[in-house]
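To start, the structure itself, in structure tokens.
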Amino acid sequence: MSIDDLANPYLPKPVTIEKITIENEEKDLKTFKLAFCNREEEKSFKYECGQFAMLSVTGAGESPIGIASSPVDDGYLEFTVKRYPDGVVTTTLHNLEEGAVIGVRGPYGNSFPLKEMEGKNVVIVGGGFAFTTLRSTIRYMLNEKNRSRYKDLTVIYGARSPGELIYKTELKDWEEMDGIDMYVTVDRGDENWKGREGFVPTVLKEVAPSSENAIVLVCGPPIMLKFTMLPLLDLGFSPERIVTSLERRMSCGVGKCGRCNVGSKYICKDGPVFTYKQIQELQEGIF
Ligand SMILES: Cc1cc2nc3c(=O)[nH]c(=O)nc-3n(C[C@H](O)[C@H](O)[C@H](O)COP(=O)(O)OP(=O)(O)OC[C@H]3O[C@@H](n4cnc5c(N)ncnc54)[C@H](O)[C@@H]3O)c2cc1C
């Protein structure tokens, strides 16, 4: 047993907010770039794409948030957080400025099956701000050290309006790269929008990515997930090859408090990443 095993798992590590990026027109989505105050603690925070961490703000409490940066990003962590008007933690966090210190504990949960995805075409389907951990995964696969292990990437990503698309600069960069096909869509465009219009499931049907030697990662609001599963099955993706991430209110993050269970599984510990097959077995009609 190491000293780390004896450490209090609920104790957050202090991190400084290095940079805040406002992601959307409504200004309720911000990306927080965080640096560990203690470099040793940074080394012990080893995470994989798809995992989450608990972010804590003094006096407000803590919230589980998916890790939006990628393990290939050295020296910092990023989280994209939506502020709920009556949300205690998210509102307090949004009111902080660069230089403020908050807490991070984790990483928690399982991750996307990056090993299993090797040698395969990867289809990414994302909607709204649930795109965060998919962004982490895309950054990972596009990194020069990893790129050759994955075949063609197809990304279908949508938001309600052009102003609600997140990571806009990155989306543009990816559009110009070889080996990645980008299909960015909005529910409704505006006078300046020259791109695609339509809901994510509709665009998925139009793009019709091949399911041959392919695996698909899907994250989005429940309504999007509901209407995405059938087209994916029709395209020939088996439920084992459809991978998604579930969100539930949770408290401890380590499978102790019993707040986030679905059927026999804890979302925080057994998830948040599940295949569609596992979800079907867990609970009929989960979305
Ligand atoms: C595994 C996991 C990963 C997550 N990743 C992210 C992420 O990357 N970015 C992010 O912004 N959020 C993410 N969330 C959701 C986030 O944890 C909650 O939004 C946050 O805890 C709300 O805290 P609060 O104190 O501001 O709100 P609270 O004070 O707890 O709640 C106030 C009100 O906010 C609204 N609210 C709170 N949580 C949700 C929710 N999940 N869905 C809809 N309405 C809600 C409700 O109206 C609620 O009544 C994730 C959750 C889980 C479980």
Side-chain angles (χ1 to χ4, degrees), residues 1-23 28-112 129-130 132-133 135-136 139 245-261 266-273:
M1 187 182 278
S2 77
I3 192 82
D4 278 348
D5 296 324
L6 296 169
N8 180 349
Y10 300 109
L11 205 60
K13 313 272 192 307
V15 286
T16 305
I17 302 178
E18 279 200 332
K19 190 170 175 223
I20 301 174
T21 307
I22 299 172
E23 295 284 355
D28 61 358
L29 281 167
K30 288 184 179 176
T31 296
F32 296 85
K33 184 176 182 186
L34 310 174
F36 282 89
C37 298
N38 177 341
R39 296 284 297 181
E40 285 308 307
E41 288 176 342
E42 178 189 331
K43 280 189 217 140
S44 65
F45 191 97
K46 294 239 174 302
Y47 67 97
E48 290 173 25
C49 306
Q51 288 193 290
F52 67 96
M54 299 297 275
L55 295 192
S56 55
V57 188
T58 310
E62 56 178 8
S63 278
I65 305 289
I67 307 174
S69 52
S70 174
V72 293
D73 298 324
D74 219 13
Y76 66 92
L77 293 174
E78 278 180 329
F79 297 87
T80 302
V81 181
K82 182 179 171 73
R83 173 179 49 79
Y84 288 97
D86 54 348
V88 181
V89 177
T90 57
T91 300
T92 316
L93 183 60
H94 269 245
N95 288 338
L96 294 178
E97 291 181 0
E98 290 172 3
V101 174
I102 62 169
V104 170
R105 65 180 174 94
Y108 294 127
N110 63 355
S111 57
F112 290 122
F129 71 99
T132 58
T133 52
R135 179 243 195 175
S136 163
R139 284 175 75 85
S245 182
L246 294 181
E247 250 190 40
R248 284 289 178 281
R249 304 303 292 274
M250 57 177 67
S251 182
C252 71
V254 293
K256 301 273 186 236
C257 74
R259 285 276 296 274
C260 68
N261 60 306
Y266 289 101
I267 303 293
C268 68
K269 196 162 67 74
D270 304 309
V273 173

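Keep in mind the model is a prediction, meaning the values are calculated, not measured.
Between the CG atom of Asn95 and the CZ atom of Arg83 there is a distance of 7.5 Å, given to the nearest 0.5 Å. One distance of note links CD1 of Ile65 with OG1 of Thr80; it measures 9.5 Å at 0.5 Å rounding. Note that NZ of Lys30 and CD1 of Ile22 are 5.0 Å apart. Values are rounded to the nearest 0.5 Å. To the nearest 0.5 Å, the span separating CZ on Phe32 from CG on Leu93 amounts to 3.5 Å. Remark: Lys13 NZ to Glu42 CD distance equals 12.5 Å, nearest 0.5 Å.
For the pair Ser56/Val104, no side-chain contact is recorded, criterion being any heavy-atom separation below 4.5 Å from C-beta on.
Within the 3.5 Å criterion, the main-chain N or O of Lys33 finds no donor-acceptor partner in the side chain of Lys19.
Among Asn38, Val101, Ile102, the single residue meeting the side-chain contact (heavy atoms from CB on, under 4.5 Å) criterion with Val15 is Ile102.
At a cut-off of 3.5 Å, with distance as the only test, a side-chain donor of Thr31 or Glu23 sits close to an acceptor on the other residue.
Residue Asp73 comes nearest to Arg139 through the heavy atom pair OD1-NH2, 2.9 Å, listed as atom of the first residue, atom of the second, then distance. Ile67 and Pro107 make their closest contact through CD1-CB, 4.1 Å (heavy atoms, listed as atom of the first residue, atom of the second, distance). Scanning both residues, Pro12 and Arg105, for their nearest heavy atoms gives CA-CB, 4.0 Å.
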> What's the verdict on side-chain contact (heavy atoms from CB on, under 4.5 Å) for Thr16 and Leu34, showing C-alpha distance, side-chain angles and the deciding distance?
Replying inline: CA-CA 5 Å; Thr16 305; Leu34 310 174; over 6 Å; no

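Sorted by first and then second residue, the ring pair (Phe, Tyr, Trp, His ring centres under 6.0 Å) pairs involving residues 64-90 (not counting sequence neighbours) form an empty list.
Ion pairing of Lys82 with Asp28 is present here, as a side-chain N (NZ or NE/NH1/NH2) and a carboxylate O approach within less than 4.0 Å.
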Between side-chain atoms of residues 46-55 and protein atoms elsewhere (two or more places apart, or another chain), which donor-acceptor pairs fall under 3.5 Å?
unit_1: Lys46; atom_1: NZ; unit_2: Lys43; atom_2: O; d: 3.0
unit_1: Tyr47; atom_1: OH; unit_2: Ser69; atom_2: OG; d: 2.9
unit_1: Tyr47; atom_1: OH; unit_2: Ser70; atom_2: N; d: 3.3
unit_1: Tyr47; atom_1: OH; unit_2: Ser70; atom_2: O; d: 2.8
unit_1: Glu48; atom_1: OE1; unit_2: Ser111; atom_2: OG; d: 2.9
unit_1: Gln51; atom_1: OE1; unit_2: Glu48; atom_2: N; d: 2.8
unit_1: Gln51; atom_1: NE2; unit_2: Gly109; atom_2: O; d: 2.7

